[in-house]
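Everything below concerns the one structure shown next.
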Amino acid sequence: MKAIGSYKALPVNEADAFLDVVVDKPQATGRDILVEVKAISVNPVDTKIRKRPHPDETLRILGWDAAGTVKEVGEGVTMFNVGDDVYYAGCITKSGSNAEYQLVDERIAALKPTSISFGQSAALPLTTITAWEALFDRLGISTNGTDAGKTILMIGAAGGVGSIAIQLASRIAKLNIITTASRKESRDWCLSRGADNVINHYENISDQLETIGHPQVDYVLCLTNISGYWKTITDVIKPQGKICTIVDFFEDANFDLLKLKSASFSFEFMFTRSMHQTEDMSEINFLLSEAAAMIDNGELITTVNKIVSPINADNLRKVHAAIEEGQAIGKYVLEGWA
Ligand SMILES: NC(=O)c1ccc[n+]([C@@H]2O[C@H](COP(=O)([O-])OP(=O)(O)OC[C@H]3O[C@@H](n4cnc5c(N)ncnc54)[C@H](OP(=O)(O)O)[C@@H]3O)[C@@H](O)[C@H]2O)c1
């Protein structure tokens, strides 16, 4: 089968950062399904892992977002049949989706939305899992509307994760959503996904919140390097408020700043369930199925900004270069093998 891989970590501007390769097609066993991959998308995690040194220059196939068709099922599979169209992010410890065929555990896949293409579907899984878990599992926001009207601040929300987090917070939780964005295009994108207010993360956040009448917020979801925002976040979080980040701290943080407000803090890492094979791993099937239904009934809209064809090493390298700039709006997808 065709795949796109690399044998060493190369800068994205080098023409052979990725290679078109041919590798053996895997076989489904246990709870794995074998998916014929029709479309993939690229996330910042791909660019971060691409830069890591390879042990022994072994072939590495990245990619953690795909949509395709089930071609084989393992003997333990109960949730899917051959011929089903699915979407999934997969597991960070397994070979990725930048290949014509990929194995994925059935518990972390779901039937794709029927009303949108494979390309549109491939944009969604990784960011939807992240946003859903951050909002409803880590921040503990109610999915039955009892937190309606509470206010969330999402920092860096025009990218892949923010594009779906805004929609889930709006449609499911009915929150008042304040996002940050620094450019007209990213600001307009946040508003078009459902943000109630957009402020600029490169200007004083506390002052801007004061101006729009929300000096303090119930929740903060940080979608970018949190270190530079930590003091501001601890200032603007309400007493007993909740903070979640999906990005590491790049310097030491003073957690004592949370004490007098009894504010709580959590990390979200969307591969936790799959890499640790947690007992509730099939929650990922549940949330992706819910999101697919919401797409099909028009409650959620696409997060795709750009679709590139075909899926090959050169196009993948160009999309990595765009994502690596850190200024993506929405999602970038590759669809169809040459
Ligand atoms: N923990 C997890 O499970 C998990 C899952 C997914 C992603 N992530 C991580 O979360 C981050 C965001 O992912 P993504 O897919 O949304 O990324 P993305 O699509 O690349 O995000 C791009 C957006 O980031 C904004 N941005 C850039 N620099 C910023 C800054 N200094 N302050 C605030 N916003 C800034 C930009 O907004 P403007 O153009 O408006 O400035 C741009 O629209 C990445 O680091 C990614 O690796 C973690």
Side-chain angles (χ1 to χ4, degrees), residues 12 41-52 62-65 89-93 108 122-139 153-168 178-193 195 197-205 208 220-230 232-233 243-251 265-276 278 284 287 303-306 319-333:
V12 76
S41 85
V42 179
N43 293 282
V45 66
D46 296 69
T47 68
K48 292 173 187 174
I49 296 191
R50 196 198 75 245
K51 292 177 194 165
R52 290 189 190 160
L62 305 173
W64 291 282
D65 252 342
C91 179
I92 194 85
T93 58
I108 58 172
L124 288 163
L126 186 143
T127 49
T128 301
I129 297 166
T130 309
W132 188 292
E133 291 184 343
L135 293 168
F136 306 125
D137 297 335
R138 313 297 167 230
L139 291 171
L153 171 65
M154 295 186 191
I155 301 177
V161 179
S163 297
I164 190 73
I166 294 169
Q167 298 188 61
L168 294 174
I178 303 167
T179 74
T180 76
S182 70
R183 297 168 289 157
K184 183 181 182 314
E185 314 87 272
S186 50
R187 175 190 168 80
D188 289 349
W189 181 269
C190 290
L191 290 169
S192 68
R193 305 301 109 170
N197 287 283
V198 184
I199 60 176
N200 189 333
H201 41 247
Y202 295 132
E203 293 170 12
N204 187 306
I205 288 178
Q208 294 173 85
V220 175
L221 176 56
C222 186
L223 305 173
T224 188
N225 170 12
I226 190 170
S227 294
Y229 295 104
W230 184 240
T232 301
I233 289 170
I243 301 161
C244 176
T245 183
I246 66 168
V247 183
D248 302 353
F249 285 90
F250 290 95
E251 50 194 65
F265 172 82
S266 57
F267 275 110
E268 158 60 20
F269 182 53
M270 55 74 58
F271 290 118
T272 296
R273 282 177 162 140
S274 53
M275 76 186 287
H276 297 287
T278 61
I284 291 178
L287 72 87
T303 58
V304 172
N305 191 341
K306 191 184 275 187
V319 173
H320 265 241
I323 297 292
E324 216 166 287
E325 285 175 14
Q327 296 214 314
I329 294 177
K331 293 287 303 171
Y332 294 8
V333 166

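First listed ligand is number 1; within each ligand, the first listed atom is number 1. Only heavy atoms go into these numbers, but all of them, side chains included; no hydrogens, no water, no symmetry mates.
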N or O contact, R183 vs ligand 1, cut-off under 3.5 Å
yes
ask   = Distance-only, no hydrogens or angles: does the Q208 side chain make a donor-acceptor pair with backbone N or O of N200 under 3.5 Å?
value = yes
Closest non-hydrogen contact found for E185 with I329 is CB-CD1, 3.5 Å
Those residues at least two apart in sequence (or on a different chain) that pass side chain to side chain contact (heavy atoms under 4.5 Å, CB included) with Q327 are R183
(request) Go through the steps to decide whether R50 and V42 satisfy the test side-chain contact (heavy atoms from CB on, under 4.5 Å), and finish with yes or no. (result) CA-CA 12 Å; R50 196 198 75 245; V42 179; over 6 Å; no
Exercise. May I ask whether V247 places a heavy atom under 4.0 Å from ligand 1?
Key: yes
Between E268 and the options L223, T245, I246, the side-chain contact (heavy atoms from CB on, under 4.5 Å) test singles out I246
Honestly, for I246 the part within reach of ligand 1 (heavy atoms, under 4.0 Å) is both
Honestly, for L126 the part within reach of ligand 1 (heavy atoms, under 4.0 Å) is side chain
inquiry  = One thing to verify: whether D137 and R273 come together as a salt bridge, which I'm taking to mean a side-chain N less than 4.0 angstrom from a carboxylate O.
reply    = yes
When you compare ligand 1 with H201, is there at least one nitrogen or oxygen pair between them that comes in under 3.5 angstrom?
yes
Heavy-atom proximity to atom 24 (O) of ligand 1, picking from G330, G159, G326, points to G326
Heavy-atom proximity to atom 42 (C) of ligand 1, picking from A328, S186, A158, points to A328
Logged contact type for T224 with ligand 1, heavy-atom cut-off 4.0 Å, is side chain
Checking heavy atoms under 4.0 Å, the part of F267 that sits near ligand 1 is neither
F271 N/O to ligand 1 N/O under 3.5 Å:
no
Evaluate N43 for polar contact with ligand 1, using N/O atom pairs at a separation under 3.5 Å. no
Any heavy atom of K48 under 4.0 Å from ligand 1? The part involved is side chain
For W230 and F249, take the angle between the two ring planes, folded into 0 to 90°, and tell me which bin it lands in: parallel under 30, tilted 30 to 60, perpendicular over 60. perpendicular
Next item on the list: Taking T180 for its side chain and G156 for its backbone only, find out whether a donor-acceptor pair lies under 3.5 Å.
Entry: yes
Looking only at non-hydrogen atoms, the one of I323, T272, L223 nearest atom 11 (C) of ligand 1 is L223
among protein heavy atoms, the one nearest atom 28 (N) of ligand 1 is Y202 OH, 3.6 Å
Under 4.0 Å between heavy atoms, the region of M270 that gets near ligand 1 turns out to be both
